[in-house]
Protein chains: 2
Amino acid sequence: MAGFAGAYDSICGRAVNAAIIRIFGGGFQVTLAPDLLDKLSRIVGANKLLMDAEAHVQYGRDWTRVETPSPAAVALPGSIEQVQALVQLANAEGLAIVPSGGRTGLSGGAVAARGELVVALDNLNQIGAFNSIDRSVVCGAGVITEQLQQFAEDQGLHYPVDFASSGSSQIGGNVATNAGGIKVIRYGMTRDWVVGLKVVTGTGELLELNAGLIKNNAGYDLRHLMIGSEGTLGIIVEVTIRLCRAPTDLAVMVLGVPDMPSIMSTLAEFRQQMELTAFEFFSEPALQKVVAHQDLQRPFDEPCAYYALLEFEQTSGSEMDQAMALFEHCLEQGWVLDGVVSQSVAQARNLWRLREDISETIARWAPYKNDLSVVVSKVPEFLTAVEALVNAAYPDFEIIWYGHIGDGNVHLNILKPESLSIADFAEQCGEVSKGVFEIVREHRGSVSAEHGVGVLKKPYLPYSRSPLEIELMRAIKRSFDPNGVLNPGKIFDL
Amino acid sequence: MAGFAGAYDSICGRAVNAAIIRIFGGGFQVTLAPDLLDKLSRIVGANKLLMDAEAHVQYGRDWTRVETPSPAAVALPGSIEQVQALVQLANAEGLAIVPSGGRTGLSGGAVAARGELVVALDNLNQIGAFNSIDRSVVCGAGVITEQLQQFAEDQGLHYPVDFASSGSSQIGGNVATNAGGIKVIRYGMTRDWVVGLKVVTGTGELLELNAGLIKNNAGYDLRHLMIGSEGTLGIIVEVTIRLCRAPTDLAVMVLGVPDMPSIMSTLAEFRQQMELTAFEFFSEPALQKVVAHQDLQRPFDEPCAYYALLEFEQTSGSEMDQAMALFEHCLEQGWVLDGVVSQSVAQARNLWRLREDISETIARWAPYKNDLSVVVSKVPEFLTAVEALVNAAYPDFEIIWYGHIGDGNVHLNILKPESLSIADFAEQCGEVSKGVFEIVREHRGSVSAEHGVGVLKKPYLPYSRSPLEIELMRAIKRSFDPNGVLNPGKIFDL
């Protein structure tokens with residue numbers, strides 16, 4: 001019965017009834033009153049209310065590992081009605097809820113570190129009605145991305161949003177964070193594939209949004225407001241997803257370029273003539289690390305400052321000739337120094353690995369990671385400015401760049417020098433962040449291109465969004481969740 | 001100085017300070033106090049404040065011609081700052097504002113019939129910065145759609161949102177209504193091409209949203225909330241538009257089909273294999289009317305219940321063979337009875353006219369028009385249900401169907417029988433509407449697929465949106481426009 005509200009205030013900016021929560025020492029250690037446990041257990045069933053420490057660690061953290069997980073309880077509802085009942089109870093009892101999907105986020109949006117009730121959607125994992133004419137499928141929030149991709153393939157169709165965490169991320173979480181990935185240049189973000197949503201609001205009411213329609217101009221599009229709101233406006237419980245034609249015979253080209261402006265010219269030239277399904281980039285240091293640590297070969301001997309990886313569909317048989325002609329043109333212009341193109345599915349997969357294995361490869365250097373975007377044309381000057389900043393302040397830091405350059409989305413990675421302790425590195429990176437976000441602001445970019453804001457980027461939101469925008473977000477939050485029970489302290493403080 | 005607020009209440013549900021507005025008799029006839037006129041004129045300049053009856057008629061109505069235009073004044077601001085000053089004045093003086101674009105709307109969203117100040121964006125018509133790498137262009141809200149389409153073409157690019165009113169509709173209005181049109185199946189709605197917005201809120205503050213970014217997951221996407229909000233949340237003053245690769249060598253096929261399910265099978269078959277840029281439909285009565293009144297020929301002799309018009313790009317030269325093979329397959333299945341394909345640009349244009357000239361052709365019958373959508377697969381049963389309803393109640397009504405069937409968007413048109421007066425026809429159509437919207441609700445469709453809600457569909461919004469959704473829309477409206485000065489009485493009452 002100790003005063004929790006005060007401490008909580010610093011997180012979410014509003015008092016949550018703390019009668020059931022206790023703090024010990026500096027951290028958050030939480031117990032729930034027996035009658036509340038009983039009420040929770042009556043909603044989801046005793047075996048779906050997890051109270052053991054292991055579950056609390058597992059469900060209290062995401063891929064960031066930054067905050068110490070400390071939920072008060074983990075509930076695994078088995079129906080939409082149970083989710084509603086949990087939210088209604090949270091309102092009545094002043095409990096904070098953290099909606100929880102695959103917890104593969106990189107901004108701490110699904111972290112429960114302050115005695116919250118985790119509502120994990122794992123068991124709403126049914127793939128429901130499929131319609132071949134609408135090319136739509138109804139998914140419970142807990143359906144795994146890969147499960148949906150496989151389902152689409154089984155129907156001769158395609159779910160095109162793809163990223164490293166497809167094997168464990170859930171559709172509900174993808175929608176809540178508007179997940180992006182490696183095919184955005186052609187297929188857009190998760191946002192572009194959601195034609196219907198069921199959402200439990202902060203008052204426990206059920207919103208059914210857009211009902212699978214392609215065209216619907218009847219009032220404000222609350223569906224788009226919900227997408228990317230990171231569980232702060234509602235708990236996404238069901239998603240109707242649009243599928244598309246499966247791509248045929250994808251070919252991959254890796255091109256070496258002398259500098260960033262040349263990548264831009266190459267991108268413009270290819271896009272003018274062809275539909276690309278991907279346009280990624282990575283730097284020479286990134287390539288060196290991957291080749292050294294994975295079972296992969298350099299695409300060609302000549303080292304280049306940067307590499308572009310582009311992918312295209314071969315529907316007619318003429319695309320390869322077209323791509324080769326464009327490659328020749330870029331060579332002549334000096335934009336490209338060398339290149340390879342896949343001749344088989346296996347080769348295409350290996351070329352992709354040069355880009356996709358970077359993240360895993362550099363993990364051993366405990367890198368500082370940042371996910372940023374600017375408009376595509378500003379990427380070269382943005383990279384230059386960030387490199388200058390880091391090199392001036394920390395000349396022994398090694399920067400690894402890669403990302404979705406066709407969308408203006410770059411992943412900045414700084415490797416920890418061996419000589420530096422993790423704590424010192426973290427502190428120095430904190431200093432780097434401020435400077436980097438200042439450059440983001442100058443370039444009118446985004447402090448979070450695809451990873452969301454969560455808790456990690458909350459302090460930096462004002463670098464991308466104006467005080468007026470943040471005030472309007474707060475007002476919207478109050479409309480959907482008047483008591484502030486949903487994911488408090490994420491994105492912004494109330 | 002008579003009490004205007006009471007009458008106004010019935011429109012927008014909240015009192016607007018009416019000290020400056022007078023009502024005569026049953027209609028709204030409005031004069032502004034000289035000091036207010038003076039303030040308005042100091043903001044935009046005397047020659048940009050239109051007070052003549054002709055301008056008031058012109059700027060007070062849209063294409064619906066349903067309500068009698070009666071604005072208090074028409075202001076033509078020449079800058080964003082002037083728009084802000086007008087909104088600030090409106091707040092101070094209790095004036096209602098109707099934001100005004102090309103006024104080509106079909107739901108009365110831009111009608112000013114109750115003494116409002118029309119803020120017409122005509123003079124914010126500059127096309128600004130273009131970037132060939134980002135393929136983005138900055139447009140003042142008053143840029144005409146066709147002007148943007150031409151600009152894109154001049155850059156070797158394409159603005160793909162296209163519809164009948166392209167010659168007079170404005171970009172700001174397109175965004176405010178999320179305009180759709182004839183290429184949605186391939187290119188989506190206006191929403192899908194907006195990468196940045198400048199918006200003046202109901203308090204006169206300037207919101208800058210998304211700044212041209214492709215990927216931006218930093219907080220709620222207020223841009224999407226603004227798109228389609230019909231001027232009730234803010235006045236769109238500037239739009240950054242993304243352009244795309246220009247399509248090459250478009251071919252058009254018109255297929256005769258025996259029934260609606262066959263159209264669905266044909267659509268599914270073609271989409272599985274090809275990217276279509278359009279999939280439209282019209283009925284035999286629609287075709288007969290067009291052929292009788294335009295300088296056009298039937299595509300083939302055999303009359304069919306319905307016709308599908310589909311369009312595809314020929315990028316590689318093999319698409320025509322592919323389309324012909326699919327056509328043969330559909331013939332064999334009995335889904336298609338006959339068909340033609342364009343062999344030239346002129347032929348393609350003439351085939352398109354069979355579909356595009358319908359609206360103009362049937363205008364002479366003063367038709368009842370309704371713009372509806374359901375999920376694509378439900379179109380056949382939806383059409384059957386509506387026809388049964390109309391035929392049972394009004395057996396002498398002739399129904400003309402056409403629309404964007406690839407998106408589930410059908411335009412229902414009922415021709416006025418010669419024997420019926422306009423007033424009687426309108427009354428009977430009012431009865432039809434209720435039944436039609438009931439069928440829309442049963443099919444979980446939209447009462448407005450692409451025309452917005454405005455005033456005409458306001459009474460029917462609950463057929464598509466739940467009380468909770470409408471309550472949340474009201475709450476959002478209050479956040480952006482606390483004094484209710486922006487387009488009151490449109491979409492919903494406060």
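Hydrogens, waters and symmetry mates play no part in the numbers below; they use all other heavy atoms, side chains included. The chains referred to below are lettered A, B, ... by the order of the sequence lines, with proteins before strands, and numbering in each begins at 1.
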Inset, instruction - Identify which part of B:Leu206 has an atom lying under 4.5 Å from any heavy atom of chain A, answering side chain, backbone, both or neither. - result: backbone
Legend entry - Part of A:Ser318 lying under 4.5 Å from any heavy atom of chain B: side chain
Listing, residues 263-272 of chain B side-chain donor-acceptor contacts under 3.5 Å, not counting sequence neighbours, or none:
unit_1	atom_1	unit_2	atom_2	d
B:Ser265	OG	B:Pro261	O	3.2
B:Thr266	OG1	B:Ser262	O	2.7
B:Gln272	NE2	A:Gly156	O	3.1

Inset, instruction - Considering only heavy atoms and a distance below 4.5 Å, find which of B:Gly452, B:Ser448, B:Gly212, B:Ala449 pairs most often with chain A. - result: B:Ala449
Inset, instruction - Identify which of B:Ile214, B:Val453, B:Asp407, B:Asp134 forms the greatest number of heavy-atom pairs closer than 4.5 Å to chain A. - result: B:Asp134
Inset, instruction - Indicate the atoms forming the closest heavy-atom contact of A:Ser377 with B:Asn131, along with that distance. - result: OG-ND2, 3.1 Å
Legend entry - Shortest non-hydrogen contact from B:Val447 toward A:Ala218: CG2-CB, 4.1 Å
Legend entry - Minimum-distance pair of heavy atoms, taken over all atoms of A:Leu213 and B:Gly445: CD1-C, 3.8 Å
Inset, instruction - Using a cut-off of under 4.5 Å on heavy-atom pairs, state which of B:Thr203, B:Leu233, B:Leu209, B:Asp371 scores highest against chain A. - result: B:Leu233
Inset, instruction - Just give me the residue among A:Arg223, A:Glu450, A:Arg474, A:Lys477 that pairs up with chain B most often, heavy atom to heavy atom, under 4.5 Å. - result: A:Glu450
Inset, instruction - Could you have a look at B:Leu372, B:Thr232, B:Asn210, B:Asp321 and say which one has the most heavy-atom pairs with chain A under 4.5 angstrom? - result: B:Thr232
Legend entry - Contact leader toward chain A among B:Ile491, B:Leu157, B:Leu468, where contacts are heavy-atom pairs under 4.5 Å: B:Leu468
Inset, instruction - Taking the side chain as every heavy atom from C-beta outward, state whether A:Leu225 and B:Asp221 have any atom pair closer than 4.5 Å. - result: no
Inset, instruction - Measure the spacing between CE of A:Met274 and CZ of B:Arg245 and express it to the nearest 0.5 Å. - result: 9.5 Å
Inset, instruction - Would you mind checking which part of B:Gln273 comes under 4.5 Å of any heavy atom in chain A, side chain (CB onward), backbone (N, CA, C, O), both or neither? - result: backbone
Inset, instruction - Kindly indicate whether the side chain of B:Ile476, heavy atoms from C-beta on, has any atom under 4.5 Å from the side chain of A:Leu222. - result: yes
Could you list the donor-acceptor pairs under 3.5 angstrom formed between side-chain atoms of residues 178-186 of chain B and any protein atom two or more places apart in sequence or on another chain?
unit_1	atom_1	unit_2	atom_2	d
B:Asn178	OD1	B:Arg191	N	2.9
B:Asn178	ND2	A:Asn217	OD1	2.9
B:Lys183	NZ	B:Glu311	OE1	3.1
B:Arg186	NH1	B:Glu313	OE1	3.4
B:Arg186	NH2	A:Glu275	OE2	3.3
B:Arg186	NH2	B:Glu313	OE1	3.4

Legend entry - Interchain contact, B:Met473 with chain A, by part (heavy-atom threshold 4.5 Å): both
Inset, instruction - Mind ranking A:Met189, A:Arg135, A:Glu319 by heavy-atom pairs under 4.5 Å with chain B and telling me who comes out on top? - result: A:Arg135
Inset, instruction - Report yes if the distance between the aromatic ring centroids of B:Tyr220 and A:Phe492 is under 6.0 Å, otherwise no. - result: yes
Inset, instruction - For the residue pair B:Val375 and A:Ile133, establish whether any side-chain heavy-atom pair is separated by less than 4.5 Å. - result: no
Inset, instruction - Name the region of B:Phe480, side chain, backbone, both or neither, that has any atom closer than 4.5 Å to a heavy atom of chain A. - result: both
Legend entry - Separation between CG of A:Leu207 and CD of B:Glu469, rounded to the nearest 0.5 Å: 6.0 Å
Inset, instruction - Below 4.5 Å from any heavy atom of chain B, which atoms of A:Arg444 appear? Answer side chain, backbone, both or neither. - result: both
Inset, instruction - Would you mind telling me which of B:His451, B:Glu208, B:Lys457, B:Met226 has the largest number of heavy-atom pairs within less than 4.5 Å of chain A? - result: B:Glu208
Inset, instruction - Please state whether the side chain, the backbone, both or neither of A:Thr177 comes within less than 4.5 Å of a heavy atom of chain B. - result: backbone
